[in-house]
Amino acid sequence: MFSSIEPPINAKNHFIYPLAFLYTIASNAVIMKNPAACIGLFKGFLLTLELILALVTMSLLCCAYPEDFRKTLWLVGGENGWNSNPRLRIYFYANYQQPPEIPVIWTQSLSESNLAISVLAVAMCATRIALVYFGITPRFSRVFTSTNDMLLSGFWMYSVIAQSSSDLTDPDHLSVRPWYLQKNCSILDASLVEACLIAKASFAFSLLSLSVPYIEIHSLWN
């Protein structure tokens, strides 16, 4: 049914080795200094969990970064009447009319901001590991971590809201939430299932990433 729609470019292979290298370095730092002994077993567990979550989330958002990824999702929804159809925008140009603004959910800027947030999250996690490794004073570490957690929570909140935002540009096909968050990916052509699953997973892991800063702040001051 969707054979005419090209699946998005698979970007996974471009990021597997750098992510594996970063994870190895971070894991060695954690093991060498035994953060469980330095900052407590629970906090050490949270640090390890945060590192894994940050790397997985960044990997997913890297896969969703290519420009044609969101265009494909938009087009699939448009062809099935689940949201506005990007192919119909040509009629506005033919009639010398300004087409509606592209909804945030389908823009490349959303993919760029999501990836930037995930890279920042990995960088902050790596910094926390460095603080443990070099034995930075707990007072400075707490202030630094709390400040960055509050900053990250704001960024992830924007990401989650944007990824679940609406497409109301076509009155006949209003979409309050993206179709891939409401429908099963198995109803699609096999070539499009991967894109649907990546979109679902990206949203789910972004939501999980939003919860991490609140857990970190609570554990730091208790």
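Residues take their numbers from the sequence shown, with the count starting at 1.
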Single-linkage hydrophobic cluster, 4.5 Å side-chain cutoff, I102 and V76 together
yes
Apply side-chain contact (heavy atoms from CB on, under 4.5 Å) to M124 and D149, showing your working.
CA-CA 9 Å; M124 288 184 175; D149 279 336; over 6 Å; no
Distance (rounded to the nearest 0.5 Å) between S206 OG and Q163 CD
4.0 Å
Between W179 and L207, is there shared hydrophobic-cluster membership here, with clusters defined by ILVMFWY side-chain heavy atoms closer than 4.5 Å?
yes
If you group Ile, Leu, Val, Met, Phe, Trp and Tyr by side-chain heavy-atom gaps below 4.5 Å, do L168 and V104 land in one group?
no
Determine whether more than 12 heavy atoms belonging to other residues, nucleotides or ligands lie under 6.0 Å from atom CD of Q97.
yes
Heavy-atom closest pair (V160 atom, L210 atom, distance to 0.1 Å) is CG2-CD2, 4.4 Å
Between CG of L73 and CD1 of I105, what distance do you get to the nearest 0.5 Å?
8.5 Å
Out of curiosity, does L61 fall in the hydrophobic cluster containing I161 (side-chain heavy atoms, cut-off under 4.5 Å, transitive links)?
yes
Distance-minimising heavy-atom pair for L188 and C196
CD1-CB, 3.7 Å
Which atoms form the tightest heavy-atom contact between Y158 and S113, and what is the distance?
CE2-OG, 3.8 Å
Once rounded to the nearest 0.5 Å, what's the spacing between atom CH2 of W82 and atom NZ of K183?
5.5 Å
Do the side chains of L174 and V176 join up, straight or via other hydrophobic residues, at under 4.5 Å, putting them in one cluster?
no
Within the structure provided, determine whether N83 and D170 are in side-chain contact (heavy-atom separation under 4.5 Å).
no
How long is the span from the CD atom in E79 to the CZ atom in R87, to the nearest 0.5 Å?
4.5 Å
Inspect the surroundings of NZ in K200 and state if more than 12 heavy atoms from other residues, nucleotides or ligands are less than 6.0 Å away.
yes
Nearest heavy-atom pair of S111 and A64: which atoms, and what distance?
OG-O, 3.4 Å
Is there a donor in the side chain of W74 and an acceptor in the side chain of S84, or the other way round, less than 3.5 Å apart?
yes
Among C63, C185, S59, side chain to side chain contact (heavy atoms under 4.5 Å, CB included) partner for I198:
C63
Please check if atom CZ in F205 has more than 12 non-hydrogen atoms from other residues, nucleotides or ligands closer than 6.0 Å.
no
Does a side-chain heavy-atom distance below 4.5 Å link L115 with S118?
yes
Side-chain donor or acceptor of S159 paired with backbone N/O of W156 under 3.5 Å
no
Can you check whether S166 reaches R177 side chain to side chain, under 4.5 Å on heavy atoms?
no
Exam field: side chain R70 to backbone Y65, donor-acceptor pair closer than 3.5 Å
no
Can you confirm whether the side chains of D167 and T169 place a donor and an acceptor under 3.5 Å from each other?
yes
Within the side chain of T57, is there an N or O that forms a donor-acceptor pair under 3.5 Å with the backbone of A54?
no
State the OG-CE distance between S202 and M58, to the nearest 0.5 angstrom.
13.0 Å
With a cut-off of 6.0 Å (strictly less than), are more than 12 heavy atoms of other residues, nucleotides or ligands near CZ of F203?
yes
Taking C-beta and beyond as the side chain, do L75 and N85 meet within less than 4.5 Å on heavy atoms?
yes
